[in-house]
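Please read the structure below before turning to the comments.
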Amino acid sequence: QVQLVESGGGLVQAGGSLRLSCAASGSILSINTMGWYRQAPGKQRELVATLTSGCSTKYGDSVRGRFTISRDNDKNTVYLQMNSLKPEDTAVYYCNLQRYMTSRGATLYDAWGQGTQVTVSS
C-alpha cells in the first residue's frame with residue numbers, strides 16, 4: 001500500500017509562485033517516475049511535469065519555462081516549483097507515481113494522491 005500526501009496548494013495572485021510537495025510512503029523500494037498532473041473544472045486531467053530516476057523531465061507545453069519539477073529520492077518526495085502563475089493554472093494538482101517497485105519486489109503503476117487545489121487570481 002502506497003500513500004501520497006500532497007501539500008503546498010493555495011490561493012495566489014497572478015505572477016506569484018507556489019511550491020507543491022508530495023511525499024510517498026508505504027512499502028516502496030524504488031520509484032522510477034514521479035510527476036504532477038492537474039485537472040481544471042470541466043477539463044480533462046493533463047500532464048504538468050514528470051521526472052524519472054534518471055533525471056529525465058517532461059513538461060506540459062503550457063507550463064514549460066515557468067514550472068520546475070524536482071525530487072528527493074531519499075525522502076521519496078517530489079516537488080513542483082511554480083513561478084509566474086496565471087489564472088489558467090487554476091486546477092487541482094495531483095501527484096503521481098507512474099512506475100514504482102514495492103519492498104516485495106512487485107512493479108506497480110499509477111498511484112495517485114488526493115490532490116491539492118491551486119487557485120490563481122487575476
Side-chain angles (χ1 to χ4, degrees):
Q1 188 87 12
V2 172
Q3 296 82 38
L4 301 178
V5 178
E6 298 127 331
S7 61
L11 173 64
V12 65
Q13 288 189 331
S17 299
L18 283 175
R19 189 190 193 212
L20 305 183
S21 300
C22 171
S25 62
S27 302
I28 300 171
L29 182 62
S30 64
I31 301 172
N32 180 275
T33 302
M34 305 180 77
W36 293 92
Y37 291 75
R38 69 186 182 186
Q39 188 166 18
K43 295 187 177 181
Q44 289 188 331
R45 191 171 295 188
E46 65 175 0
L47 167 73
V48 177
T50 59
L51 175 59
T52 70
S53 56
C55 298
S56 294
T57 58
K58 183 176 181 180
Y59 290 93
D61 290 340
S62 62
V63 307
R64 190 176 293 111
R66 300 186 296 122
F67 292 9
T68 303
I69 189 170
S70 60
R71 61 192 277 179
D72 184 332
N73 292 323
D74 291 338
K75 297 180 179 179
N76 286 336
T77 299
V78 63
Y79 305 96
L80 185 68
Q81 178 66 43
M82 306 185 294
N83 297 328
S84 301
L85 283 160
K86 304 175 181 180
E88 50 264 44
D89 294 318
T90 295
V92 177
Y93 284 69
Y94 295 92
C95 176
N96 171 260
L97 301 190
Q98 190 177 103
R99 180 175 176 228
Y100 61 101
M101 182 175 286
T102 71
S103 57
R104 293 190 176 186
T107 298
L108 301 179
Y109 300 86
D110 277 339
W112 292 93
Q114 292 297 310
T116 184
Q117 176 71 45
V118 171
T119 303
V120 184
S121 63
S122 57

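Predicted model only: the values in this text are computed from it and were never measured.
- At distances below 3.5 Å, at least one donor-acceptor pair connects side-chain atoms of Thr90 with backbone N or O atoms of Val120.
- Taken together through direct or relayed side-chain contacts under 4.5 Å among Ile, Leu, Val, Met, Phe, Trp and Tyr, Tyr94 and Met34 form parts of separate hydrophobic clusters.
- In this structure, Leu4 CG and Asn76 CG are separated by 10.0 Å, a value rounded to the nearest 0.5 Å.
- Atom-to-atom distance recorded for Thr68:OG1 and Leu80:CG is 8.0 Å, nearest 0.5 angstrom.
- In this structure, OG in Ser27 is found 13.5 Å from CE in Met101, a value given to the nearest 0.5 Å.
- The structure places SG of Cys22 at 5.0 Å from CD of Glu6, a figure rounded to the nearest 0.5 Å.
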query: Going through the checks in order, is the side-chain contact (heavy atoms from CB on, under 4.5 Å) test met by Lys75 and Ser21?
result: CA-CA 11 Å; Lys75 297 180 179 179; Ser21 300; over 6 Å; no

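- Leu20 CG to Trp36 CH2: the interatomic distance, rounded to the nearest 0.5 Å, is 4.5 Å.
- Put simply, the side chain of Met82 does not reach to within 4.5 Å of the side chain of Val12, judged on heavy atoms.
- Within the structure, side-chain hydrogen bond (donor to acceptor under 3.5 Å, both in side chains) pairs that include any residue of residues 105-118 comprise Asn96-Asp110, Gln117-Thr119 (at least two apart or interchain).
- By the ring-ring contact (aromatic ring centres under 6.0 Å, His included) test, Tyr79 is found to be paired with no residue, residues two or more places apart in sequence or in another chain being considered.
- Under a hydrophobic-cluster definition in which Ile, Leu, Val, Met, Phe, Trp and Tyr are linked whenever side-chain heavy atoms come within less than 4.5 Å, directly or via other members, Val2 and Leu108 are assigned to the same cluster.
- Taking 4.5 Å as the limit, some side-chain heavy atom of Arg66 sits within range of a side-chain heavy atom of Asp89.
- Taking CZ of Arg38 as the start and CZ of Arg45 as the end, the distance is 13.0 Å to the nearest 0.5 Å.
- In the hydrophobic clustering of ILVMFWY residues, with side-chain heavy atoms under 4.5 Å counting as a link, Tyr37 and Val92 come out together.
- Annotation: side chain of Ile69 is in contact with side chain of Val78 (closest heavy-atom distance under 4.5 Å).
- Under the 4.5 Å side-chain heavy-atom criterion for ILVMFWY residues, a single connected hydrophobic cluster contains both Tyr59 and Leu18.
- Across all their heavy atoms, Gln1 and Gln3 have their closest contact at CG-NE2, 3.0 Å.
- The shortest heavy-atom contact between Ser17 and Asn83 is OG-OD1, 2.9 Å.
- Heavy-atom minimum distance, Pro87 versus Ala14: CD-CB, 4.1 Å.
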